Amino acid sequence: MKTSERIIEILLFLSAATAVMIVALIIIFLVKEGLSVLVKVGIIDFCLGMKWNPIAIAGEPSYGIFPMIVASFYVAIGSLIIAVPLGLACAVFLAEIAPSWARSILKHAIELLVGIPSVILGFVGLVLLVPFIRDHLGGWGFSILAGSIILAIMALPRIISISDDAIRSVPREYKEASLALGATHWHTIRKVILPSARSGIVAAVILAMATSIGETMAVLMVVGNTPLLPAPIYDILDPVRPMTSNIVLEMSYATGDHASALFATGIVLFVVVALLNVISHKALKSRMGTRR
Amino acid sequence: MSEIEIESRNLDLWYGSAQALKNITMAMPEKKVTAIIGPSGCGKSTFLRCINRMNDLVKDCRITGELLFEGTDVYGNSVDAVELRKKIGMVFQKPNPFPMSIYDNVAYGPRVHGLRNREELDRIVEESLKASALWNEVGDIPDRSAIDLSGGQQQRLCIARTLAVKPKVILFDEPCSALDPISTAKIEDLINTLKHDYTIVIVTHNMQQAARVSDHTAFFLLGELIEFGKTKQIFELPEKKSTEDYITGRFG
C-alpha cells in the first residue's frame, strides 16, 4: 500500500479513537470526582436518601438525591405524556396524509423548532407559561407541569422525525394489501402501518425520554428547583428540582464533599441516560430484524 | 356466453402527462378467467389496478372513459372505493402477507368489515385456507407468523386472505413471478378451481401460463389493447401481426 494511503488511514483511525477516548475520559473523571461521596454515604443512601442538605450550619450535611431522581423522571414522563400523542399524530399526518407541499412546510417548521436554543424556550416558559399556570391553575407557577410542557416542546421534533421515518419505512405492499381488502385508510394506519412501525416509534419515545432527562437549561428556568418530593406526590403544580438543575445551581460554590456529591449526581444521570439509549438502540435493532 | 361482469369502455389513463392506457375497450365475463398479456410497461398492471381503483393511491393519475362493474361505473361519484374493493379482491406480484400470524392474516378482512364473533371467524379462516389449498399445510399452526412461510405458501395465504372477504372478482397481478415452478403449478391449479366461483382477471408475462389458465386473453402493447378474444383463438389464430410476433417470442 502507498504510504500516503497508510497515513490517511492512520489519521482516520485517530479521529475515530478520539471520540471513544473522550467518552472514556469523561467517565473516568466523573467516577474519580464522584466516588468519594458514593463510598462515604453509600450508593443506596445517596440514591434513596430523602434529604439534600449539603451545607449544614449545624450538624452533619446530608446528601440524598431521591427527590431529584423522582423529579427528573417526573418531568420527563410528563413531557412524554404530552409529546407522544401529539408527535405520533403529527408523524402519521406527515407520512400518510399530508400532500407534498404541506409536508415540506411542516418539515421546515419542525427543523426550526429543533434550532431554538433551549434557553430561549426556558425564557418563554418563564415569562408566559409560569404566570399562566399560576393565574389559571394555581400554585406557584414554577412546577412539574411547566417543566413537562417545555420539555414536550423540545421532544416533539425528535419524536416526529423518528416516527415519520419508521412509518415511511413500512413496506408499501402492506398498505396496498390492506386497502385491497377493503380496509379504510385510517383502519390501515391503525392495524397495519402503526404496528409495523412500532419498534421505531418505541425507540423514538425512549430516545426522547433520555434527552428530556438530560435537558438542563430550559427546565431549570421553570421548575422551581426545590429539592423536595412534590406533596402530595401526584401534585404536578408543585416545584421540583431535577438532577441536572441540581448540578448547575450549586456547582459554582460547592467544595469538598459537596462538589463530589454533585459529580455523583452526574454519575447517576449518566447511567440513567446511557441505559435509556441502550434500550432505544435495542428497539431500533429489533425493527431491522423484522424488516427482512 | 356468460354474463359480463367487468367492462371497460374507451378507458384512457395518464400518469401526469404520460398516457399509460389508450382507449381500452373490453369485456370480462363472469366466472371465467381473463388473462392480460404483453411486454413489460405495456400497461397491463395499470389496467388491472383500475378495476379495483388501486390507482387512486397514485398522485397525478387521471382516468377518462368508463369502467363498469356489474353495470355501474366504478369511477362514478356514488361509488366508494372501499366498498368496491370488498367485492374486487387483489393478489399482488410479490407475496405480501402482513407481519402477523397466519390466522390474523386471513381474519384481517372479515375483522375490517366488523366481524367479531370468534366461531364465525374460525369458520371463515378454515374455509378460506381450504379453498386456497393451504389448510393441510398450516391448519394446525394458525398462530405461526406468516413471514415464516415459504414464498408459495405466502402467496396462497394472500389468496386465502382475499377469499375471506368473499369477493366476486379476484385480480391477480403476476401472482407467480416471484415463485418457483412447483409453487406456480399449485397457484395455477388453484385458479382453475376458483374460476367456478369467482370472476378472475390475471396479468401475466408468462404466455404458457395465460394459455393454461385462461378462457379469454387480451394482448396489450404500449398502452393499447391490440387484440382480445378466446384464448385458443389468440394463441392459435391471432388476427394481428404483433400478437403473433409476441406469442411466438419474436419480441417481449
Side-chain angles (χ1 to χ4, degrees), chain A residues 91-107 163-204 282-292, chain B residues 45 48-49 51-60 80-100 104-114 128 145-148 154-155 157-173 178:
Chain A
V92 167
F93 177 76
L94 265 179
E96 281 294 317
I97 295 159
S100 53
W101 60 269
R103 184 177 161 80
S104 97
I105 291 177
L106 263 167
K107 273 278 186 192
S163 306
D164 177 42
D165 282 348
I167 293 171
R168 286 162 71 84
S169 68
V170 172
R172 195 188 139 81
E173 288 86 6
Y174 292 170
K175 182 180 172 183
E176 288 192 334
S178 174
L179 291 175
L181 288 166
T184 59
H185 193 183
W186 174 232
H187 193 101
T188 303
I189 291 170
R190 251 177 349 122
K191 296 289 179 180
V192 174
I193 295 178
L194 286 181
S196 305
R198 187 177 44 211
S199 50
I201 293 167
V202 169
K282 280 264 157 63
L284 267 179
K285 272 244 182 65
S286 75
R287 164 173 140 214
M288 299 302 180
T290 55
R291 266 169 79 190
R292 274 176 292 138
Chain B
S45 285
L48 195 73
R49 284 166 166 261
I51 300 174
N52 67 343
R53 288 184 58 173
M54 285 307 274
N55 284 327
D56 288 15
L57 306 184
V58 182
K59 275 178 198 155
D60 305 325
D80 179 4
V82 170
E83 288 299 316
L84 179 78
R85 292 181 194 135
K86 289 182 196 172
K87 295 186 195 142
I88 306 181
M90 186 167 211
V91 176
F92 295 83
Q93 187 169 358
K94 210 173 107 196
N96 57 352
F98 300 125
M100 316 170 178
D104 287 339
N105 261 282
V106 183
Y108 183 87
R111 281 176 176 151
V112 163
H113 305 125
S128 308
S145 168
I147 305 295
D148 297 337
Q154 287 190 7
Q155 195 61 304
L157 180 66
C158 292
I159 295 172
R161 184 173 64 180
T162 305
L163 296 179
V165 187
K166 300 191 171 30
K168 294 190 144 175
V169 179
I170 306 176
L171 310 175
F172 287 88
D173 188 0

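None of these values were measured; they are calculated from a predicted model. Hydrogens, waters and symmetry mates play no part in the numbers below; they use all other heavy atoms, side chains included. Letters A, B, ... mirror the listed sequences (proteins, then strands); counts begin at 1.
- Rounding to the nearest 0.5 Å places CE of B:Met90 at 7.5 Å from CD of A:Glu176.
- Only the backbone of B:Ile88 has a heavy atom closer than 4.5 Å to any heavy atom of chain A.
- Comparing A:Ser100, A:Ser178, A:Gly182 by heavy-atom pairs within less than 4.5 Å of chain B, the highest count is held by A:Gly182.
- With values rounded to the nearest 0.5 angstrom, A:Ser196 atom OG is found 7.0 Å from B:Met100 atom CE.
- The side-chain heavy atoms of A:Tyr174 and B:Pro99, taken from C-beta on, include a pair separated by under 4.5 Å.
- For the atom pair CD1 (A:Ile193) and CZ (B:Phe98), the distance works out to 9.5 Å, reported to the nearest 0.5 Å.
- The local environment of NZ in A:Lys191 is sparse, with at most 12 non-hydrogen atoms from other residues, nucleotides or ligands closer than 6.0 Å.
- Residue B:Lys168 places its NZ atom among 12 or fewer non-hydrogen atoms of other residues, nucleotides or ligands, all under 6.0 Å distant.
- Remark: A:Arg103 CZ is packed, more than 12 non-hydrogen atoms of other residues, nucleotides or ligands lying under 6.0 Å away.
- Atoms NE2 and CG, on A:His185 and B:Leu57 in that order, are 8.0 Å from each other to the nearest 0.5 Å.
- Between chain A and the residues B:Lys86, B:Met54, B:Arg53, the most heavy-atom pairs under 4.5 angstrom are made by B:Met54.
- Heavy atoms closer than 4.5 Å to chain A are found nowhere in B:Pro167, neither backbone nor side chain.
- The structure places CZ of B:Arg111 at 13.0 Å from CG of A:Leu181, a figure rounded to the nearest 0.5 Å.
- The two residues A:Ala183 and B:Val112 have their closest heavy-atom pair at CA-CG1, 3.5 Å.
- Nearest heavy-atom pair, B:Tyr108 versus A:Thr188, reported as atom, atom and distance to 0.1 Å: OH-CA, 4.0 Å.
- A donor-acceptor pair is defined here as one N or O able to donate and one able to accept, closer than 3.5 Å; such a pair exists between the side chain of B:Asn96 and the backbone of A:Glu173.
- Using a 4.5 Å cut-off between heavy atoms, B:Val165 contacts chain A through its side chain alone, with no backbone atom that close.
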